[in-house]
Amino acid sequence: MNIAVGADHGGYSLKDAVMDEVKKQGHTVIDCGAKLYDATDDYPDFARAVGLKVQSGEAERGIVVCGSGVGAAIAATKMVGVRACLCHDTYSARQGVEHDNMNVLALGARIIGDELARELVRAFVNAKFNTDPRFQRRLDKVLKIEKDKS
Ligand code: RB5
């Protein structure tokens, strides 16, 4: 699976560990930056870059990192077809995919350390959407909300 990864300056310290863990799990990283630490960069730019990869299908999933994970999650999930959520527990990182077809994981580098981030990445990338009719029905309702833009 191709997984797009993006981080602003607040998430930069976690980015290498996230990308390394994605590769260790047998997946390919699409690096959406930041390639260098820049204290003046803005999280929506990286969330958008990751979201565009997911929208185009070049990446099946994405991971966005900022200081708290909140801004990156908000920005990414504004994009059509992107279902992003901030998950700092492994249950949510796994179940978010299994039940809700979450396709972008948001992390906060000022909140968690490398080892928990690696566990969260493992939970996220190894989970698969459960196509049981009740989960598909709920996903369809979510997609309808997105389509109606109400
Ligand atoms: C950047 O200072 C910080 O605001 C950003 O990384 C993120 O935490 C926003 O939610």
Side-chain angles (χ1 to χ4, degrees), residues 1-25 27-129 138-139 141-150:
M1 185 157 63
N2 288 338
I3 301 184
V5 177
D8 74 342
H9 63 281
Y12 192 77
S13 61
L14 211 53
K15 184 169 169 256
D16 282 348
V18 166
M19 293 196 299
D20 182 61
E21 195 59 39
V22 167
K23 289 177 198 161
K24 277 194 175 139
Q25 296 305 303
H27 302 290
T28 302
V29 169
I30 300 175
D31 185 350
C32 294
K35 302 276 172 68
L36 293 169
Y37 180 82
D38 174 0
T40 67
D41 67 14
D42 299 323
Y43 66 83
D45 297 328
F46 304 101
R48 182 161 190 275
V50 168
L52 287 171
K53 295 292 183 193
V54 171
Q55 284 181 326
S56 71
E58 194 181 331
E60 285 174 75
R61 293 189 197 166
I63 301 174
V64 290
V65 194
C66 66
S68 63
V70 173
I74 290 172
T77 212
K78 293 285 180 195
M79 299 180 72
V80 172
V82 173
R83 293 175 293 280
C85 200
L86 170 59
C87 299
H88 283 166
D89 68 275
T90 54
Y91 178 84
S92 302
R94 190 190 69 254
Q95 195 212 251
V97 176
E98 291 173 346
H99 288 201
D100 313 317
N101 209 2
M102 173 174 69
N103 54 13
V104 171
L105 172 69
L107 300 173
R110 294 175 184 159
I111 314 298
I112 61 168
D114 284 19
E115 290 310 317
L116 179 53
R118 286 176 182 274
E119 285 195 32
L120 293 162
V121 168
R122 286 197 289 275
F124 173 62
V125 303
N126 292 317
K128 290 185 178 54
F129 180 53
R138 292 164 191 159
L139 177 61
K141 290 184 179 185
V142 170
L143 296 177
K144 187 171 184 314
I145 292 171
E146 181 177 72
K147 188 162 172 280
D148 293 347
K149 287 188 170 51
S150 54

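Note that the structure is predicted; figures quoted are calculated from it, not measured. Numbers for residues simply follow the sequence, beginning at 1. When a ligand or atom number is given, it counts from 1 through the structure's own listing order.
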With heavy-atom distances below 4.0 Å as the criterion, list the atoms of ligand 1 near [X].
X     : result
His9  : 1 (C), 2 (O)
Gly10 : 6 (O)
Asp8  : 1 (C), 5 (C), 6 (O)
Gly67 : 5 (C), 6 (O), 7 (C), 8 (O)

So, are Arg118 and Asp114 salt-bridged, with charged N and O less than 4.0 Å apart?
no

Shortest protein contact, [atom] (heavy atom only):
atom                   : answer
atom 8 (O) of ligand 1 : Ser68 N, 2.9 Å
atom 7 (C) of ligand 1 : Cys66 SG, 3.3 Å
atom 4 (O) of ligand 1 : Arg110 NH1, 4.4 Å

Can you give me the closest heavy-atom contact between [X] and [Y], atom names plus distance?
X     : Y      : value
Ala93 : Met102 : O-CE, 3.5 Å
Ala4  : Cys32  : CB-SG, 3.9 Å
Ile30 : Glu58  : CD1-O, 3.7 Å

A student comparing Ala39, Gly71, Pro44 should find that the heavy atom closest to atom 10 (O) of ligand 1 comes from Gly71

Measuring only between side-chain heavy atoms, which start at C-beta, is Asp100 closer than 4.5 Å to Arg83?
no

Side-chain donor or acceptor of Tyr12 paired with backbone N/O of Lys35 under 3.5 Å:
yes

